[in-house]
Amino acid sequence: METKLLKPNEESINLACELLKKGEVVAVPTETVYGLAGDATNGNAIKKIFEAKGRPADNPLIVHIASIEMLDGIVSKFNADAKKLAENFWPGPLTIIMPKGNKVCKETTAGLDSVGVRMPANEIAREIILRSGVPFSAPSANISGKPSPTTAQDVFADMNGKINLIIDGGESDAGVESTVISVLEDTPIILRPGIVTKEDIEKVLNKEIKVAKEVTEGVKADSIVRSPGMKYKHYAPNAKVTIVKGSLENFVKFVELNKKENTLVMCFDGEEKLMPVSAISYGNINDPKSQAHNLFAVLRELDKENAKQVFVRCPETTGVSLAVYNRLIRSAGFNIIEV
Ligand code: TXA
Ligand code: MG
């Protein structure tokens, strides 16, 4: 199959809409990362997404809508917490897990009776949903296990020959996937951290919420977790990645002692010149949004640099930093040390 890579315009957007309506798969930009979109109501379309990604069949997809009216049939219940969250954070990078409606095919939810829904803010994604009328399911448009794509070129590297069309909407804004929150129980719980933080959500709901322990801990492959996506090794470059907690001074000493051929460092802006090996910054130490924005691009860069061993300066674990930390520990296969 030839994979077209097209800039967004009248013609390419219409083509994307036609393909979606026919049950084909299209890669679209969103404000978080690029998504691999297929009609959420069409089991055959969704099977193609799982195939293209090589995604385990027990890992459910998120449904993307462009208006509140579209929730009809997508969810069977839109409770008070969900309404407040939607009013405050949609369109935007927040996915809300709610009871599944009967329009959504079982392939989308991997057989679960709940469904994750979000309304993306990206204008191209919105336009495609509105024009086609298709609520689309979309996981990140990477091969399962690889870093999520933040450019159309990243998508092309993983999906060339596997899908018909990629719409090139430029670099993703956020750089990490949406915050996933379940409102199935009285106390909402964050299953995946993102740019919308626990603190942001608590302010809006006016109550304390929980964060699933899997967000900051490793999960065994055979365990049952609330968010199946959290049990898989993720975002992993070819190199062995180690997160190194501790002061900058101790970090530098540690690298000096443990460096080999093809060792690289992921550090913060301005620290590169202090490192005894080649170093790539993934953002400003005081600006977690910049770290989130750059993270996946830098993880992909490691492969291009042919890194074999990578030491990473550890981010904070509060606010937006929690999203960065959560992705990093997965890319490191939970390999974290303290110096
Ligand atoms: O920002 C995003 O959310 C991107 C863009 C494309 O919108 N999409 C994305 O999808 O990150 P994906 O498939 O890579 O991640 C979906 C996550 C997985 O961890 C999955 O397990 C969880 O959401 N999820 C989806 N439906 C769920 C459900 N019903 N219950 C619990 N977790 C669910
Ligand atoms: Mg993903």
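Every number for a ligand or one of its atoms is a count from 1 in the order of the listing. In this text the structure is predicted, and so the values were computed from the model without any measurement. Counting begins at 1 with the first residue of the sequence.
Partners of Lys106 according to the side chain to side chain donor-acceptor pair (under 3.5 Å) rule, which considers only residues two or more places apart in sequence or in another chain, do not exist here.
A salt bridge is defined here as a Lys NZ or Arg NE, NH1 or NH2 lying under 4.0 Å from an Asp or Glu carboxylate O, and Glu107 with Lys48 fails to meet this definition.
For ligand 1 and Ser140, the ligand atoms under 4.0 Å from any heavy atom of the residue are 8 (N), 9 (C), 10 (O), 12 (P), 14 (O). Below 4.0 Å from some heavy atom of Ser178 lie the following atoms of ligand 1, by number and element: 1 (O), 2 (C), 3 (O). Distances below 4.0 Å separate heavy atoms of Ala138 from the following atoms of ligand 1: 6 (C), 8 (N), 10 (O). Close approach to Leu112 involves these atoms of ligand 1, each under 4.0 Å from a residue heavy atom: 28 (C), 29 (N), 30 (N). Near Gly35, the atoms of ligand 1 lying under 4.0 angstrom from a non-hydrogen atom of the residue are 6 (C).
Looking at Thr30 and Asn122, their side chains never bring a donor and an acceptor atom within 3.5 Å of each other. At a cut-off of 3.5 Å, with distance as the only test, a side-chain donor of Thr32 or Arg118 sits close to an acceptor on the other residue. In the model, Glu305 has no side-chain atom that pairs as donor or acceptor with a side-chain atom of Ser278 under 3.5 Å.
Residue Arg55 touches ligand 1 through its side chain alone, judged by heavy-atom distances below 4.0 Å. Within the 4.0 Å heavy-atom criterion, the part of His64 lying near ligand 1 is the side chain and not the backbone. If you look at Asn59 next to ligand 1, the close heavy atoms, those under 4.0 Å, all belong to the side chain.
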Could you walk me through whether Lys84 and Glu87 satisfy the salt bridge (Lys or Arg N to Asp or Glu O under 4.0 Å) test, starting with their C-alpha distance in whole Å, then the side-chain angles of each, then the deciding distance to 0.1 Å, before giving a yes or no?
CA-CA 5 Å; Lys84 280 189 211 157; Glu87 269 165 27; over 6 Å; no
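Evaluated by nearest non-hydrogen atom to atom 10 (O) of ligand 1, the leading choice among Gly111, Pro93, Pro139, Ser137 is Pro139. Of all the listed residues (Arg192, Met98, His234), Arg192 holds the heavy atom that lies closest to atom 17 (C) of ligand 1.
Counted within 6.0 Å of CD on Glu316, heavy atoms from surrounding residues, nucleotides or ligands total 12 or fewer; the atom is thus considered open. Around CG of Asp186, the count of heavy atoms belonging to other residues, nucleotides or ligands within 6.0 Å does not exceed 12.
Transitive grouping of hydrophobic side chains (ILVMFWY, heavy atoms separated by less than 4.5 Å) brings Val183 and Val204 into a common cluster. Residues Leu274 and Phe254 fall within the same hydrophobic cluster, defined by Ile, Leu, Val, Met, Phe, Trp and Tyr side chains chained together at heavy-atom separations under 4.5 Å.
Heavy atoms of Ile62 approach ligand 1 to within less than 4.0 angstrom. Remark: distances from the non-hydrogen atoms of Ser114 to ligand 1 include one below 4.0 Å.
Taking the six-membered ring for Trp and thresholds of 30 and 60 degrees, Trp90 and Phe78 have nearly parallel ring planes, at less than 30 degrees apart.
Among the atoms of Lys53, none of the N or O lies under 3.5 angstrom from an N or O of ligand 1.
Shown here are the protein N/O/S atoms lying under 2.8 Å from the Mg ion (ligand 2), water excluded: Ser140 OG.
Side chains of Val104 and Ile74 form a contact here, defined as non-hydrogen atoms less than 4.5 Å apart.
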